[in-house]
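Notes follow the structure.
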Amino acid sequence: MKKISIVLVLVAALYGCGASKVLLTADKSPVKVSIDLINVADDKVVVEINPGAFTTDAVSFYIPKTVPGTYSVDNYGKYIEGFKAYDYKGNELSVAKGDLNTWVITDGKSLDKIKYWVNDTYDSEQEEEEPVFSPAGTNILEGENFVLNLHGFVGYFNNLKEVPYILEVDKPATLTATTSLPLQTMKESVATKDVFTASRYFQVVDNPIFYAKPNTETFQINDISVTLSVYSPNGVYTAASLKDRMKTMMAAQKAFLGEMDGTKQYSILLYLSDINKEDAGGFGALEHHTSTVVVLPETMTKDYLEQTMVDVVSHEFFHIVTPLNVHSKEVQYFDFNDPKMSQHLWMYEGTTEYFANLFQIQQGLINEDEFYERIREKISNAKHYDDSMSFTTMSKNILVEPYKANYANVYEKGTLINMVLDLQLREWSKGEKGVLWLMKELSKKYGNNTPFDDEKLFDEIIAMTYPELRNFFDTHVIGDTPIDYNAHLAKVGLELGMIDKPCGRFFLDEQVPFIDVDESNDNAVYVREHIALSSFLIDMGVKPGDIIKQVNGTDITLERIGSVIRESFIWSSEKEITMVVLRDGAEIELKGVAGNPVVRMQAIAVKKDASDAQNKLRQAWLKGI
C-alpha cells in the first residue's frame with residue numbers, strides 16, 4: 001500500500017512540474033495519456049500518448065489482443081485508425097505495422113509522442129461475425145455517453161507495462177465520470193477536464209471509466225463504498241430506483257463473506273441498451289478488481305432487471321475473492337498480446353458463480369426450492385457441452401477450439417465442481433468447512449499481490465484439507481470422468497428425479513416459451529425443438545418443429561399470437577381446442593381440450609428416506625452454519 005502511495009505522489013509531482021523527457025528515460029517517467037471526448041469526429045475520439053525518452057532504435061506500441069476476464073481474442077487494435085508518431089520537433093516518424101495490434105516506430109530515440117483515432121465497438125456489433133462482448137467493449141456517443149473500457153483506447157510500449165500512467169480526459173461539462181481509478185486533485189477545478197493516475201498499465205485496463213449525465217447513487221456496505229451509475233437512453237431507469245435492491249444484495253454478499261475483504265471502493269457501471277437502435281447487444285457483465293461493467297436491455301421490466309442485476313453483479317462482485325485475492329502468476333502478470341492462460345477457470349469463474357447462487361440461499365434472498373432449481377438448471381445446461389473434457393486442459397487452451405466452444409461451461413459445470421467440492425468438504429468436516437472456508441484460507445496465504453504457481457494449487461488445497469481430495473481433482477477436474485451429481489446430492493439427503501410442474505399452455509413461465517418466431521420464414525410461429533413441451537401441446541398431438549397456422553379459427557401471425565396466448569390463460573380445462581399446424585409441408589388439423597397443463601421435468605427434491613445426519617449436513621450447507 002505504501003509503495004502505491006509513493007508512486008502516485010511521484011506521478012503527481014512529475015505531472016505538476018512538467019518533467020522533461022530529456023532528463024527522464026521512458027522506464028523512469030510516467031506515460032502521459034490524453035483522451036479528447038469533446039472533439040468527437042464520426043463517432044471517433046483522438047488519443048495522444050506521451051512517454052519518456054527511449055534509448056533504443058525501434059520502439060513497439062501495443063493495443064491489447066485480449067484482456068483478463070474475456071477469455072477471447074478480440075484484437076482491439078482493429079479499432080485504431082490514423083496512427084502517427086512524432087519526433088520532438090513535430091515531424092512525423094516512420095511507422096510499420098507489426099500485426100493487427102502492434103505498431104513499430106523504427107527511430108525510437110527520436111520518438112516524442114504518438115497520436116491515433118479510436119473507433120468504438122458498440123456500433124460495429126451488428127456487422128461483425130464475432131463481435132466484442134459489449135461489457136468488454138467501447139461506446140462513443142457524442143455528448144451523451146462514453147464507455148471507456150480503457151484497453152480499447154490506451155496501449156503500452158514494450159517493457160513499459162510497469163511504469164505509472166497519467167490519464168487526462170477532456171470531456172463535456174455535462175457529463176461526469178464514474179470509475180474506481182484514482183482521480184487526481186487539481187489546483188483549480190475544471191468542469192471539462194479529469195486527470196486520473198494509475199500505478200501501472202494493468203491498473204489502467206482494470207478500471208473502466210463511465211461518462212454519462214449524472215445518474216448515480218453511492219452507498220456504504222460496512223467499509224466498502226459502492227457507487228452505482230446508470231445510463232438509460234430513454235430515461236426509463238435511474239440509479240435511485242435500483243439502489244435499494246443493489247444495497248440489499250451487496251449487504252448480503254458482505255455478510256456471506258464475513259471478514260474477507262478485497263476492496264474499499266466498488267463501482268457498478270450499468271449501460272442500458274436501446275434495442276431499437278444499432279446498439280450494444282452482448283448482454284452480461286465483465287468483472288474488474290474494483291468495478292464491473294454491466295450491459296442489459298432497457299426494455300426489461302423492473303423486477304426482471306433487478307433480479308438479473310442481483311445474479312450478474314453478485315457474480316462480478318465475488319471476483320474480489322478470486323481472482324483478486326487468489327490467482328496464479330498467469331493472472332498477476334497477464335500478457336495482453338500473447339496471453340498464457342491459467343488452468344484454474346474452475347475456480348476463477350466456477351467458484352465465483354457458485355458463490356453468486358449460494359449466498360442467496362444462505363442470506364435468505366431465495367428459498368430452498370429456488371436454489372435447487374438453479375442447481376438443476378446447471379446440471380441440465382452442462383449437458384450441452386463436452387462432459388468428458390478435462391476442465392484444466394480446457395482452461396489452459398480456452399482461446400482455441402475445441403476448448404473455446406466449451407467456455408460457457410465454466411458457469412455451468414464449473415459451478416457444479418464447486419458444489420461437489422463443498423459437499424465433500426462439509427461431509428468430511430461434519431459440516432464445519434466448505435468452499436468459502438477454503439477460499440478464505442487461500443486468501444490468507446496469497447492475497448492481492450502474491451500469486452500462486454499454477455501447477456501447485458491442487459497440492460496446496462489438498463495440504464490444507466484432506467488427502468482424499470486428490471482423487472476428486474485427478475478424476476473429475478484434471479481427468480475426463482463425468483461427475484455423478486446424484487451421488488453427491490445424496491450426502492445431504494437430496495435426489496435428482498422427474499416431476500410434473502404446472503405450466504401455461506404456451507409458456508413454462510414468463511421467460512421460457514414452448515413456441516418461437518422464425519424471422520427467416522416470414523415470422524412463422526413454430527413449436528420449439530429440444531425442449532420438454534406442455535402436456536397441452538403433447539395431448540393435442542403437436543410435434544417439435546410444427547408451424548402453428550391456426551388456433552380455434554384464428555390465423556396465427558406474429559401480430560395475432562399474443563392475443564391467442566392471453567386468451568389461453570382463461571380457457572377452462574374442458575374447452576375444446578382446434579389447431580392447424582404445418583408439418584413437413586402438409587397442413588394437419590389437431591383437436592383436443594385445454595386441460596390442466598403440466599410439463600415433465602427434472603427437479604431436485606429432499607429424499608423421503610433422508611437420514612437425520614443428511615438433513616443436518618444439508619442445513620449446514622444451505623445456512624452456512
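Please read all numbers here as calculations on a predicted model, not as lab measurements.
In this structure, CG in Leu272 is found 6.0 Å from CG in Leu305, a value given to the nearest 0.5 Å. Residue Asn139 holds its CG atom at 9.0 Å from OG of Ser134, rounded to the nearest 0.5 Å. Atom CG of residue Asp223 and atom CD of residue Gln265 lie 12.5 Å apart, to the nearest 0.5 angstrom. Rounded to the nearest 0.5 angstrom, Tyr86 OH and Ile114 CD1 are separated by 11.0 Å. A distance of 9.0 Å separates CG in Leu175 from OH in Tyr211, rounded to the nearest 0.5 Å. Atom OG1 in Thr299 sits 10.5 Å away from atom OH in Tyr304 (nearest 0.5 Å).
Checking side-chain atoms of His344 against main-chain N and O of Asp454 turns up a donor-acceptor pair under 3.5 Å. A donor-acceptor pair under 3.5 Å is formed between the side chain of Ser232 and the backbone N or O of Val236. A donor-acceptor distance shorter than 3.5 angstrom exists from the side chain of Asp36 to the backbone of Ile38, with no hydrogens or angles considered. Under a 3.5 Å cut-off, the side chain of Asp206 and the backbone N or O of His289 do form a donor-acceptor pair. Judged by distance alone, with hydrogens and angles left aside, the side-chain atoms of Thr121 form no donor-acceptor pair with the main-chain N or O of Gly137 at under 3.5 Å. At least one donor-acceptor pair under 3.5 Å links the side chain of Thr415 to the backbone N or O of Tyr411.
Thr218 and Thr227 form a side-chain donor-acceptor contact under 3.5 Å, judged by distance and modelled atom types alone. Asp274 and Asn234 form a side-chain donor-acceptor contact under 3.5 Å, judged by distance and modelled atom types alone. No side-chain donor-acceptor contact under 3.5 Å links Ser267 and Ser291. Judged by distance alone, the side chains of Asn409 and Asn406 never bring a donor and an acceptor atom under 3.5 Å apart. Under the 3.5 Å distance criterion, with hydrogens and angles disregarded, no donor-acceptor pair is assigned to the side chains of Asn325 and Asn448. No hydrogens or angles considered: nothing links the side chains of Ser180 and Asn207 as a donor-acceptor pair under 3.5 Å.
Under the side chain to side chain donor-acceptor pair (under 3.5 Å) criterion, Asp120 pairs with no residue at all, not counting sequence neighbours. With sequence neighbours left out, Tyr201 forms a ring-ring contact (aromatic ring centres under 6.0 Å, His included) with Tyr156, Tyr165, Phe336. Asp311 is linked by a salt bridge (charged side-chain N to carboxylate O under 4.0 Å, His left out) to Arg374, counting only residues two or more places apart in sequence or in another chain. With sequence neighbours excluded, the residues that form a salt bridge (charged side-chain N to carboxylate O under 4.0 Å, His left out) with Lys78 are Glu128. Remark: Asn418 engages Thr351 in a side chain to side chain donor-acceptor pair (under 3.5 Å) (not counting sequence neighbours). In this structure Asn215 satisfies the side chain to side chain donor-acceptor pair (under 3.5 Å) test with no other residue, sequence neighbours excluded. In this structure Lys378 satisfies the side chain to side chain donor-acceptor pair (under 3.5 Å) test together with Glu353, sequence neighbours excluded.
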task: Output, in order, the C-alpha distance, side-chain angles, deciding distance and verdict of side-chain contact (heavy atoms from CB on, under 4.5 Å) for Phe355 and His315.
output: CA-CA 7 Å; Phe355 283 174; His315 173 99; over 6 Å; no
message: If you apply the rule ring-ring contact (aromatic ring centres under 6.0 Å, His included), what do you find for Phe318 with Tyr354, and how did you get there?
response: CA-CA 10 Å; Phe318 276 130; Tyr354 179 58; over 10 Å; no
task: Report the C-alpha separation of Glu130 and Asp74 in whole Å, then their side-chain angles, then the decisive distance to 0.1 Å, and conclude whether the side-chain contact (heavy atoms from CB on, under 4.5 Å) test is met.
output: CA-CA 8 Å; Glu130 293 188 16; Asp74 290 314; over 6 Å; no
message: Applying ring-ring contact (aromatic ring centres under 6.0 Å, His included) to Tyr266 and Phe317, what does each step give before you reach the verdict?
response: CA-CA 8 Å; Tyr266 199 81; Phe317 181 75; 5.0 Å; yes
- request: List the steps and the verdict of ring-ring contact (aromatic ring centres under 6.0 Å, His included) for His327 and Tyr333.
  value: CA-CA 10 Å; His327 57 260; Tyr333 309 110; 8.7 Å; no
query: Step by step, would you call Phe196 with Asp194 a side-chain contact (heavy atoms from CB on, under 4.5 Å)?
result: CA-CA 7 Å; Phe196 304 94; Asp194 290 330; 3.6 Å; yes
message: Run Thr308 and Val310 through side-chain contact (heavy atoms from CB on, under 4.5 Å) and show every step you take.
response: CA-CA 5 Å; Thr308 302; Val310 168; over 6 Å; no
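Applying the ring-ring contact (aromatic ring centres under 6.0 Å, His included) test to residues at least two apart or on different chains, the pairs with a partner in residues 107-139 are Phe61-Tyr116, Phe83-Tyr116, Tyr122-Tyr271. Residue pairs that meet the salt bridge (Lys or Arg N to Asp or Glu O under 4.0 Å) test with at least one member in residues 282-303, sequence neighbours left out, are Lys302-Glu306. Pairs of residues two or more places apart, or lying in two chains, that qualify as salt bridge (Lys or Arg N to Asp or Glu O under 4.0 Å) and include a residue from residues 195-204 are Glu162-Arg200. Listed by first then second residue, pairs satisfying salt bridge (Lys or Arg N to Asp or Glu O under 4.0 Å) with a partner in residues 326-337 read Lys329-Asp453, not counting sequence neighbours. Sequence neighbours left out, the pairs with a member in residues 170-182 that pass salt bridge (Lys or Arg N to Asp or Glu O under 4.0 Å) are Asp170-Lys193.
At most 12 non-hydrogen atoms from other residues, nucleotides or ligands lie less than 6.0 angstrom from CD of Glu519. Counting heavy-atom neighbours within 6.0 Å of Lys84 NZ, excluding the residue itself, gives a total of 12 or less.
Between Tyr348 and His319, a ring centre-to-centre spacing not shorter than 6.0 Å is recorded. Less than 6.0 angstrom separates the ring centroid of Phe54 from the ring centroid of Phe157.
Side-chain contact between Val294 and Leu296 is present, with at least one heavy-atom pair separated by less than 4.5 Å. Side chains of Pro451 and Ser328 form no contact here, defined as non-hydrogen atoms less than 4.5 Å apart. Side-chain contact check for Pro164 versus Ser199: every heavy-atom pair is 4.5 Å or farther apart. A 4.5 Å side-chain heavy-atom check between Ile209 and Leu181 finds at least one atom pair inside the cut-off. Contact check for Leu100 versus Asn75: side-chain heavy atoms found under the 4.5 Å cut-off. In this structure the side chain of Met249 reaches within 4.5 angstrom of the side chain of Gln253, judged on heavy atoms. Side-chain contact between Thr66 and Met341 is absent, with no heavy atoms from C-beta onward closer than 4.5 Å. At a threshold of 4.5 Å between non-hydrogen side-chain atoms, the residues Gln343 and Thr393 do not count as touching.
Under the 4.0 Å criterion applied to side-chain N and carboxylate O atoms, Lys340 and Asp338 are assigned as salt-bridge partners. A salt bridge does not link Lys247 with Glu217: none of the charged nitrogens is closer than 4.0 Å to a carboxylate oxygen.
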